[in-house]
Peer 1: 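The structure that follows is given in the form of structure tokens.
In what follows, chains are A, B, ... by sequence order, proteins preceding strands, each numbered from 1. FYI, side chains are in, hydrogens and waters are out, and symmetry mates aren't considered; it's all heavy atoms of this structure.
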2 protein chains.
Amino acid sequence: MSRRLHEASEASRQAFAAIASDHGLTAVQARFVLRLLEPTAMKDLAEHLACDKSNVTGIATRLAERGLVTTRRGPDRRVKLLELTTTGRRLRARLSEHVADSSPAMTRLTKTERATLVRLLDKLHDTGVGDDASADL
Amino acid sequence: MSRRLHEASEASRQAFAAIASDHGLTAVQARFVLRLLEPTAMKDLAEHLACDKSNVTGIATRLAERGLVTTRRGPDRRVKLLELTTTGRRLRARLSEHVADSSPAMTRLTKTERATLVRLLDKLHDTGVGDDASADL
DNA sequence: TATTGTTATACTCTATAACTATA
DNA sequence: TATAGTTATAGAGTATAACAATA
């Protein structure tokens, strides 16, 4: 049972990485881009990715080198806000569409099955709180 | 929808990594150990992990350095078979138990819900073939 | 003192390409 | 020629610890 879950999770992860790669991104970079609907503090990105804050600097640098994000200081001058450039927003739109379209959940399950799956997954992992329908990640 | 799936997948991946870490392993190393129910060719491990064969050498080396696996030549002398040592088998048993016990699928879902989830996941990712109930991965 | 982000360091995973040895 | 595995190389993600700037 846990094996099935883990295999499904792995397959999903690999599918996502493949899509990210089609857009010239790594999986982590793609998660970053999808997350940046609005200017976001690096600390919050670290939290969302469940990684140490020291990693965020490097990931942001690589995205900035490719012209996908820029930074500016927040009101609290310790905070750096990351936001997508125009190029970044365009990439985000394409990526978001691609992820949704190629999801096996959309192509292989009926509407009822999708609803059931969402309910079970929500029950599985305490995510059952906020539901920002406009965000892909 | 695809967002929910990906979030669930990420949560599952992180949970697995945390358990592996509790046993002193990375996620990939844990998948290796769980896979090694019987002597397995490095090529097959590469296939199972969906990575290039060149990676398997390093992973196997690190596991061997810790006394968890050994190698021997197969009948086809090009092939190297990896197998768990006694220490490795003991670790595998503990790890396997830990993964199963702490799976949210076991602790949060009813038996019926688990059956439904397995059915949907199988439909999602063409895994619906062989079902080696004794393997955790 | 606590928080945000950076830097230095080291390790692991990853792919590609060139290589050895076997078949 | 083709296959199994290794090695060299390079890039990305990861954590830890020490650090600067700000609160």
Side-chain angles (χ1 to χ4, degrees), chain A residues 10 13-36 39-66 68-83 137, chain B residues 10 13-36 39-66 68-83 137:
Chain A
E10 271 300 306
R13 186 180 67 78
Q14 285 168 19
F16 185 78
I19 292 174
S21 176
D22 287 345
H23 292 267
L25 300 174
T26 65
V28 168
Q29 289 168 352
R31 293 187 70 200
F32 245 72
V33 167
L34 288 174
R35 184 68 174 186
L36 286 177
T40 307
M42 308 190 65
K43 185 199 102 180
D44 294 334
L45 289 168
E47 214 162 289
H48 173 245
L49 264 68
C51 72
D52 190 86
K53 57 189 160 72
S54 63
N55 301 315
V56 177
T57 304
I59 297 166
T61 300
R62 288 186 279 278
L63 288 176
E65 278 167 355
R66 299 180 43 185
L68 298 173
V69 305
T70 53
T71 59
R72 61 183 163 79
R73 289 287 173 181
D76 179 339
R77 289 181 46 71
R78 289 173 300 182
V79 174
K80 248 188 186 171
L81 297 170
L82 238 72
E83 63 187 324
L137 275 187
Chain B
E10 270 302 305
R13 185 182 66 79
Q14 284 168 19
F16 184 79
I19 292 173
S21 175
D22 287 345
H23 292 266
L25 300 175
T26 65
V28 168
Q29 288 168 353
R31 294 186 68 201
F32 245 74
V33 168
L34 288 173
R35 184 69 174 187
L36 287 177
T40 307
M42 308 190 66
K43 185 199 101 177
D44 293 334
L45 290 168
E47 214 163 291
H48 173 245
L49 263 69
C51 73
D52 190 86
K53 58 188 160 72
S54 64
N55 300 316
V56 177
T57 304
I59 298 167
T61 299
R62 288 184 279 278
L63 288 175
E65 278 167 357
R66 299 180 42 186
L68 298 172
V69 304
T70 53
T71 60
R72 61 183 162 80
R73 289 288 173 179
D76 178 339
R77 289 182 44 72
R78 289 173 301 182
V79 174
K80 248 186 184 172
L81 296 170
L82 237 72
E83 63 187 323
L137 276 187

Peer 1: Quickly work out the A:Glu10 CD to C:dC13 P distance and round it to whole Å.
Peer 2: 13 Å
Peer 1: Are A:Arg62 and A:Glu65 ion-paired here, with the side-chain N under 4.0 Å from a carboxylate O?
Peer 2: no
Peer 1: Using OP1 and OP2 only, check whether a side-chain N or O of B:Arg62 sits under 4.0 Å from C:dC13.
Peer 2: yes
Peer 1: Among the nucleotides C:dT14, D:dT22, D:dT16, which one has an atom lying closest to any side-chain atom of A:Asp52?
Peer 2: D:dT16
Peer 1: Using whole Å, report how far CD of B:Glu65 lies from P of C:dT12.
Peer 2: 8 Å
Peer 1: Give B:Lys80 one of three labels, base, sugar-phosphate or nothing, depending on what nucleic acid heavy atoms sit under 4.0 Å from its own.
Peer 2: sugar-phosphate
Peer 1: Looking only at the side chain of A:Lys43 (C-beta and beyond, no hydrogens), which of the listed nucleotides D:dT16, D:dA4, C:dT4 gets closest?
Peer 2: C:dT4
Peer 1: Search all heavy atoms of B:Asp44 against all heavy atoms of B:Thr40 and return the closest pair with its distance.
Peer 2: CB-CG2, 3.8 Å
Peer 1: On DNA chain D, check which nucleotide each of B:Lys53 and A:Pro75 is closest to and give me the residue with the more 5' one.
Peer 2: B:Lys53
Peer 1: If you apply the rule side chain to side chain contact (heavy atoms under 4.5 Å, CB included), what do you find for B:Leu45 with B:Leu36, and how did you get there?
Peer 2: CA-CA 9 Å; B:Leu45 290 168; B:Leu36 287 177; 4.2 Å; yes
Peer 1: To the nearest Å, give me how far apart CE (B:Met42) and C1' (D:dT7) are.
Peer 2: 13 Å
Peer 1: Roughly how many Å is it from NE2 in A:His48 to P in D:dT14, rounded to a whole number?
Peer 2: 12 Å
Peer 1: Let me know, please, whether B:Cys51 or A:Arg73 comes out on the 5' side of the other along DNA chain C by nearest nucleotide.
Peer 2: A:Arg73
Peer 1: Any side-chain N or O of A:Ser54 less than 4.0 Å from the OP1 or OP2 oxygen of D:dT16?
Peer 2: no
Peer 1: Atom CG of A:Leu45 and atom C1' of C:dT4: how far apart are they, to the nearest Å?
Peer 2: 13 Å
Peer 1: Contact between A:Thr26 and A:Ile59 at the side-chain level, heavy atoms closer than 4.5 Å - yes or no?
Peer 2: no
Peer 1: From the options D:dG13, C:dA23, C:dT4, select the nucleotide whose nearest atom is closest to the side chain of B:Asp76.
Peer 2: C:dA23
Peer 1: What nucleotide among C:dA15, C:dT4, D:dG5 has an atom nearest to a side-chain atom of B:Asn55?
Peer 2: C:dA15
Peer 1: Between B:Leu49 (CG) and C:dC13 (C1'), how many Å, whole number?
Peer 2: 10 Å
Peer 1: Which heavy atom of A:Leu81 sits nearest to which heavy atom of A:Gly74, and what is that distance?
Peer 2: CD1-CA, 3.9 Å
Peer 1: Quickly work out the A:Leu81 CG to D:dT22 P distance and round it to whole Å.
Peer 2: 15 Å
Peer 1: Please report the distance, rounded to the nearest Å, between CG in A:Leu25 and C1' in D:dG13.
Peer 2: 15 Å
Peer 1: Looking only at the side chain of A:Arg78 (C-beta and beyond, no hydrogens), which of the listed nucleotides D:dT3, C:dG5, C:dT4 gets closest?
Peer 2: C:dT4
Peer 1: What I want to check is whether an N or O donor and acceptor connect the side chain of A:Arg77 with the base of D:dT22 at under 3.5 Å.
Peer 2: no
